Every structure is written in structure tokens, then in C-alpha cells.
Amino acid sequence: MNKTRENGDTTHFGYQTVGAGEKAGLVRDVFDSVATRYDLMNDLMSGGMHRLWKRFTVDQAAVRPGQAVLDLAGGTGDLALKFARQVGERGLVVLADINAAMLRQGRRRLVDKGAAGNVAIAQVNAESLPFASGSFDALTIAFGLRNVTDKQAALESMCRVLKPGGKALILEFSQPADLIKPAYDLYSFKVLPALGKFVAQDSDSYQYLAESIRMHPDQDTLLGMMQQAGFERCRYHNLMAGVVALHIGYRI
């Protein structure tokens with residue numbers, strides 16, 4: 001059921017077929033609704049595992065003092081906060097997201113943690129990043145690519161803004177091992193919407209979450225898309241039996 005790119009007129013919003021021009025607004029409504037409870041829901045939904053997945057991503061990024069990092073679809077800023085501490089005063093982290101409500105939460109977190117001095121905030125569309133070619137040493141997008149309308153365009157834009165030798169890291173829900181699929185489906189379509197209704201007063205957004213995961217390209221398909229976009233030395237790491245995968249590629 002995974003899809004890469006639909007025709008130019010339509011795309012998927014969860015299991016719904018919608019106009020390609022409609023999806024960004026629908027996704028914005030989802031994240032406007034959940035922004036203030038986003039971090040709490042992540043902890044509840046994953047049992048705190050999302051923190052370990054993100055830590056693994058940061059470790060694999062291996063950024064150094066003085067480097068420039070783009071945290072795309074960075075939302076509430078948990079990755080940006082870690083990178084800001086690693087790149088230091090001479091470095092720069094750009095916390096970027098298409099959703100203003102999520103960026104407000106991210107800005108608040110960074111200020112509260114005293115890490116805003118080397119962080120810039122940018123509201124951007126991943127499909128057409130407004131940065132010069134070769135701007136960043138590393139780029140991350142965690143649990144955001146599946147919400148992008150034209151994923152191939154986003155991958156191409158991501159490759160363009162990396163410096164030669166720069167690394168892209170894509171952390172996303174993926175295709176789990178067959179053995180755990182029945183339990184995973186039960187959890188996704190029954191437990192997640194119920195949690196969303198109880199905690200965030202919004203079951204529909206978490207129904208969309210479960211559906212959007214199923215429509216996202218699987219591990220090997222996404223790997224091929226990255227190669228098509230110009231990335232080289234591409235690989236992926238399955239986490240938690242493939243429930244989540246971290247894809248890595250380089251601009252050469």
C-alpha cells in the first residue's frame with residue numbers, strides 16, 4: 001500500500017485521496033491541533049522510545065563544532081537542541097518546519113533551555129527549501145517526510161542544500177517485520193486514536209498518523225528514491241524490528 005508519488009493532481013492524506021494542493025493545509029490542521037501536546041503524546045505513544053531513536057540519529061549524524069545543521073520538520077526542537085550543543089558558538093542550527101504552531105513550541109523550548117543563541121528558526125516547505133546550494137554539513141528530518149506531498153521533490157531539495165560530503169538522515173516510521181504486524185496494526189488503529197482522544201482531545205489526527213505510516217514508502221523504496229534524488233552511499237538501519245528506520249545518504 002506504500003506510495004511514492006501520485007499523479008500531479010492528487011495525493012494521499014492518510015487513506016484519503018485529495019487534491020495535491022490540499023494536503024499541506026490538511027497536514028497543517030493536524031499539527032495545529034496537536035502542537036501543545038505533541039511531545040507528551042510522543043512519549044505516551046512510543047513508551048519513550050522516540051527519544052532513543054532520535055538519540056541514535058544524533059549519534060549517526062556525528063556533527064562537529066562549527067558546522068551548520070538543518071533540522072527539517074523539526075517541530076518542537078528536540079533534535080535542534082541536541083545539535084545546538086554539539087556545534088557550539090561557531091556553528092549554526094536551523095530549526096525548520098512548515099507549521100508555525102510547531103515552530104512556536106520549538107522556539108519556546110530552545111529559549112527555556114538557553115540554546116537559542118546559535119539556532120535560527122525558519123518556516124519552510126521541504127519541497128522547495130529557500131537555502132543556497134551547499135549550505136549545510138548535515139540535515140535531519142525526523143517523522144516528517146511522510147507528511148510531505150511530493151517526497152521526491154523534497155529529497156532533491158534536501159540533497160541540493162547539503163555541502164559536498166554532507167549527510168542527510170531521515171528518521172521515519174517504516175515497514176515492520178511480518179511477525180509483529182498484527183499487534184502493530186491493532187495498536188496503531190485502536191490504541192493510538194483512543195490515546196489521542198483522551199490526551200489531546202483529537203482522535204482524528206492520530207487516525208491520520210496510523211494511515212500516513214501505511215502510505216509511506218517502505219525501506220527499500222525510500223532508499224531508491226534517495227538514490228534517484230542524487231544521494232550516494234545510501235543505507236538504512238531498522239529500529240525496533242522495522243517499525244522505524246533511519247535512512248542515511250550523502251551528497252558527493
Side-chain angles (χ1 to χ4, degrees), residues 1-5 12 27 42 46 49-63 67-75 78-80 82-83 86 93-98 124-127 129 131 135-178 180-181 184 209 212-252:
M1 206 167 196
N2 294 313
K3 303 291 182 183
T4 56
R5 187 193 292 219
H12 288 283
V27 170
N42 278 350
S46 71
M49 289 297 295
H50 76 102
R51 297 176 182 270
L52 298 180
W53 302 331
K54 290 171 181 174
R55 169 51 63 186
F56 180 71
T57 302
V58 171
D59 290 345
Q60 289 293 311
V63 303
Q67 289 191 322
V69 180
L70 175 61
D71 181 22
L72 188 59
D78 41 3
L79 285 179
K82 293 179 174 63
F83 287 130
Q86 292 181 339
V93 176
V94 177
L95 171 60
D97 202 293
I98 198 171
V124 305
N125 186 330
E127 297 172 23
L129 294 172
F131 307 110
S135 294
F136 298 99
D137 298 285
L139 177 155
T140 56
I141 178 168
F143 305 113
L145 185 61
R146 73 179 186 281
N147 297 313
V148 175
T149 302
D150 191 335
K151 297 173 181 62
Q152 192 64 49
L155 291 169
E156 291 166 6
S157 188
M158 289 159 59
C159 189
R160 179 188 63 80
V161 302
L162 282 172
K163 297 177 182 179
K167 181 189 299 186
L169 302 101
I170 302 169
L171 182 67
E172 188 54 88
F173 293 108
S174 200
Q175 185 76 12
D178 289 341
I180 68 169
K181 279 184 180 179
Y184 182 57
L209 168 65
S212 69
I213 292 168
R214 271 64 182 184
M215 301 306 294
H216 186 66
D218 63 21
Q219 288 93 323
D220 290 324
T221 302
L222 181 55
L223 192 75
M225 292 172 67
M226 292 178 69
Q227 293 166 336
Q228 182 180 337
F231 289 104
E232 299 190 27
R233 295 166 53 199
C234 299
R235 68 183 190 274
Y236 64 82
H237 302 269
N238 278 329
L239 307 175
M240 203 170 162
V243 169
V244 171
L246 174 65
H247 284 70
I248 299 174
Y250 296 80
R251 179 182 179 185
I252 303 300

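What you see is a predicted model; the values in this text were computed from it and never measured. Every heavy atom of this structure was used, including side-chain atoms; hydrogens, water molecules and symmetry mates were not. One is the number of the first residue; the rest follow in order along the sequence.
When each of L162, L139, V161 is checked for a side-chain contact (heavy atoms from CB on, under 4.5 Å) with R251, only L162 meets the rule.
Atoms CZ and CG, from R160 and L155 in turn, are 13.5 Å apart once rounded to the nearest 0.5 Å. A distance of 8.5 Å separates CG of L209 from CZ of R214, quoted to the nearest 0.5 Å. Atom CG of L95 and atom CG of L79 lie 9.5 Å apart (nearest 0.5 Å). The distance from atom CG of L171 to atom CH2 of W53, rounded to the nearest 0.5 Å, is 8.0 Å. Annotation: the span from Q60 atom CD to L169 atom CG amounts to 7.5 Å, rounded to 0.5 Å. For the atom pair E156 CD and M225 CE, the distance stands at 9.0 Å (nearest 0.5 Å).
At least one donor-acceptor pair under 3.5 Å links the side chain of E172 to the backbone N or O of R146. Judged by distance alone, with hydrogens and angles left aside, the side-chain atoms of R233 form no donor-acceptor pair with the main-chain N or O of I252 at under 3.5 Å. A donor-acceptor pair under 3.5 Å links the side-chain atoms of D71 to the main chain of A80, judged by distance alone. In this structure a side-chain-to-backbone donor-acceptor pair under 3.5 Å is missing from E127 to S157. A donor-acceptor pair under 3.5 Å links the side-chain atoms of Q219 to the main chain of Q175, judged by distance alone.
The aromatic rings of F143 and F173 sit tilted, their planes meeting at an angle between 30° and 60°.
For the pair A154 and V148, the tightest heavy-atom approach, listed with the atom from each and the gap, is CB-CG1, 3.9 Å. In this structure, A138 and V63 approach most closely via the heavy-atom pair CB-CG1, 3.9 Å. Closest of all the heavy-atom pairs between Y250 and G165 is CD2-O, 3.7 Å. Closest of all the heavy-atom pairs between L70 and F136 is N-CD2, 3.6 Å. In terms of heavy atoms, G249 sits closest to M226 at N-CE, 3.6 Å. Looking at every heavy atom in both residues, S135 comes nearest to A68 through O-CB, 3.7 Å.
Here K54 pairs with D78 under the salt bridge (Lys or Arg N to Asp or Glu O under 4.0 Å) rule; sequence neighbours left out. Checked against ring-ring contact (aromatic ring centres under 6.0 Å, His included), Y184 has no partners two or more places apart in sequence or in another chain.
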Does the pair V243 and I180 meet the rule for a side chain to side chain contact (heavy atoms under 4.5 Å, CB included), with working shown? CA-CA 9 Å; V243 169; I180 68 169; 3.7 Å; yes
Verdict with reasoning, Y236 to S174, per side chain to side chain contact (heavy atoms under 4.5 Å, CB included): CA-CA 11 Å; Y236 64 82; S174 200; over 6 Å; no
Verdict with reasoning, V27 to T149, per side chain to side chain contact (heavy atoms under 4.5 Å, CB included): CA-CA 10 Å; V27 170; T149 302; over 6 Å; no
Full working for side chain to side chain contact (heavy atoms under 4.5 Å, CB included) between Q86 and V69: CA-CA 10 Å; Q86 292 181 339; V69 180; over 6 Å; no
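Residues Q67 and F83 fail the side-chain proximity criterion, which asks for heavy atoms closer than 4.5 Å. By the 4.5 Å heavy-atom criterion applied to side chains, I98 and N147 are not counted as neighbours. Side-chain contact between L239 and L52 is absent, with no heavy-atom pair separated by less than 4.5 Å.
Heavy-atom contacts from other residues, nucleotides or ligands closer than 6.0 Å to CZ of R235 number more than 12.
Side-chain rings of F231 and H247 stay apart, their centers remaining 6.0 Å or farther from each other.
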